[in-house]
Amino acid sequence: MRSRPVIARSAMATMFRVISFSFQSVCTKHILFLLDVYAWRIYNFAMDEKKTENVIGAMVLGLADAVLRDTENQAPEKGQAAAAIALLRHEPGMPIEQMRRALGLSHSATVRLIDRLVADDLVVRRPSASDRRAVALHLTEAGDTRCDAILSSRFERIAGALQGLDPAERETYRLLTEKLLSNFVEDLDHAYSVCRLCDLSACPDCPVACSLRNKV
């Protein structure tokens, strides 16, 4: 027959094993719960990131479609005519080659576009002051008036899209967009393309131009 101390030690050992098992079970459940919580947070973070990109993508595409549609309606034809007219407001005397690269057209397609704008009395060809072999493109008075209409339609569309923001939010949005533009533009040709419908007078300290200077 076992003595009382032996029985007590056995009972304590049994109790310890029960407590240890219970503790391990509780800890395991707690750890699994925490893992579930962290996994859910990671999943939600990934979904939030995708939602951000998705929402911005929808806004950018929708606004771009609306701007192109409105500016085309003010141009003599669909396609790149509005951008060609706006570019000549940016840079009077632009040569055909630079126009071609800015519009992403072939040389022959650009020449045909300019031929049509000349026929509509919106653009005039003049000898280049820097290269006798090149032709400089300029807006006529009628082309300048048409450019005003093109840029106004663009401004009205974008201003309408920003109506839901208060002045502080608009300023924050502008600063964030400038930062994005600075990282987005790759080179001079890309800059011409990105800014082809811009109103140069409204943006004297252009973030795209500043970015290009910093990359040189």
Hits for ring-ring contact (aromatic ring centres under 6.0 Å, His included) against His190, two or more places apart or cross-chain, chain-then-number order -> Phe184

d(Leu162 CG, Leu63 CG) to nearest 0.5 Å is 7.5 Å

- Message: Run Arg126 and Val135 through side-chain contact (heavy atoms from CB on, under 4.5 Å) and show every step you take.
- Response: CA-CA 6 Å; Arg126 295 174 184 165; Val135 172; over 6 Å; no

When rounded to the nearest 0.5 Å, the distance separating OG of Ser128 from CD1 of Ile96 is 11.5 Å

Quiz item: Given side chains that start at C-beta, do those of Arg154 and Gln74 come closer than 4.5 Å, heavy atoms only?
Solution: no

For a 4.5 angstrom cut-off between non-hydrogen side-chain atoms, does Val123 reach Leu139?
yes

Donor-acceptor pairs under 3.5 Å, side chain of residues 198-206 to any protein atom, not counting sequence neighbours: which ones?
residue, atom, partner, partner atom, Å
Asp199, OD1, Ser201, N, 3.2
Asp199, OD1, Ser201, OG, 2.7

Interatomic distance, OG@Ser108 vs CZ@Arg112, rounded to 0.5 Å, equals 4.5 Å

With side chains defined as the heavy atoms from C-beta onward, is the minimum distance between Leu165 and Thr172 less than 4.5 Å? no

Heavy-atom closest pair (Glu178 atom, Pro207 atom, distance to 0.1 Å) is CG-CG, 3.8 Å

Q) Would you call Leu113 and Glu77 a side-chain contact if the rule is heavy atoms closer than 4.5 Å? A) yes

Worksheet item: Is Val111 reachable from Tyr192 through a run of I, L, V, M, F, W or Y residues, each pair having side-chain heavy atoms under 4.5 Å apart?
Response: yes

In terms of heavy-atom contacts, Arg89 and Asp148 come closest through NH2-OD1, 2.7 Å

Let's go through Ile150 and Arg146 carefully: what are the C-alpha distance in whole Å and the side-chain angles of both, what is the deciding distance for side-chain contact (heavy atoms from CB on, under 4.5 Å) to 0.1 Å, and is it a yes or a no? CA-CA 6 Å; Ile150 290 168; Arg146 186 66 67 100; 4.2 Å; yes

Test of understanding: clusters of I, L, V, M, F, W, Y form through side-chain heavy atoms closer than 4.5 Å, transitively. Do Leu117 and Val124 belong to the same one?
no

Closest non-hydrogen atoms of Asp120 and Pro76, given as atom of the first, atom of the second and distance, are OD2-CB, 3.6 Å

Smallest heavy-atom separation, Pro127 atom then Ala136 atom, equals O-CB, 4.2 Å

Review point. Do the side chain of Thr140 and the main chain of Asp121 share a donor and acceptor less than 3.5 angstrom apart?
Key: yes

Connected to Ile56, directly or through other members, by ILVMFWY side-chain contacts below 4.5 Å are Val60

Discussion item. Between Arg157 and Asp65, does any NZ, NE, NH1 or NH2 come within less than 4.0 Å of an OD or OE carboxylate oxygen?
Written reply: no

Those residues at least two apart in sequence (or on a different chain) that pass ring-ring contact (aromatic ring centres under 6.0 Å, His included) with Tyr173 are none

*Would a distance-only check, ignoring hydrogens and angles, find a side-chain to backbone donor-acceptor pair under 3.5 Å from Glu53 to Lys50?*
no

Sequence neighbours excluded, the answer for side chain to side chain contact (heavy atoms under 4.5 Å, CB included) partners of Glu72 is Lys78

Here the gap from Ile114 atom CD1 to Leu105 atom CG, rounded to the nearest 0.5 Å, amounts to 9.5 Å

So salt bridge (charged side-chain N to carboxylate O under 4.0 Å, His left out) across residues 92-108, not counting sequence neighbours, yields Glu97-Arg100, Glu97-Arg101, Arg101-Asp189

With clusters defined by side-chain heavy atoms of hydrophobic residues (ILVMFWY) lying less than 4.5 Å apart, directly or transitively, does Leu151 cluster with Val208? no

Of all heavy-atom pairs linking Leu122 and Ile85, the shortest is CD1-CD1, 4.1 Å

Note to self: With a 4.5 Å cut-off on side-chain heavy-atom distances among I, L, V, M, F, W and Y, is there a chain of contacts connecting Leu68 to Leu103?
What the structure shows: yes

Spell out, yes or no, whether Phe155 and Leu197 are grouped together once hydrophobic residues are joined by side-chain heavy atoms under 4.5 Å, including indirect joins.
no

>> Do His90 and Leu87 have side chains that approach each other closer than 4.5 Å (heavy atoms only, starting at C-beta)?
In response: yes

Rounding to 0.5 Å, atoms OG (Ser211) and CD (Glu186) come to a distance of 10.5 Å

dist Thr177:OG1 -> Leu175:CG (nearest 0.5 Å) comes out at 8.5 Å

When every non-hydrogen atom of Ala84 is compared with those of Met99, the smallest separation belongs to O-CE, 3.6 Å

Original post:
Above 12 or not: heavy atoms from other molecules or residues under 6.0 Å from NE2 of His138?
Top reply: yes

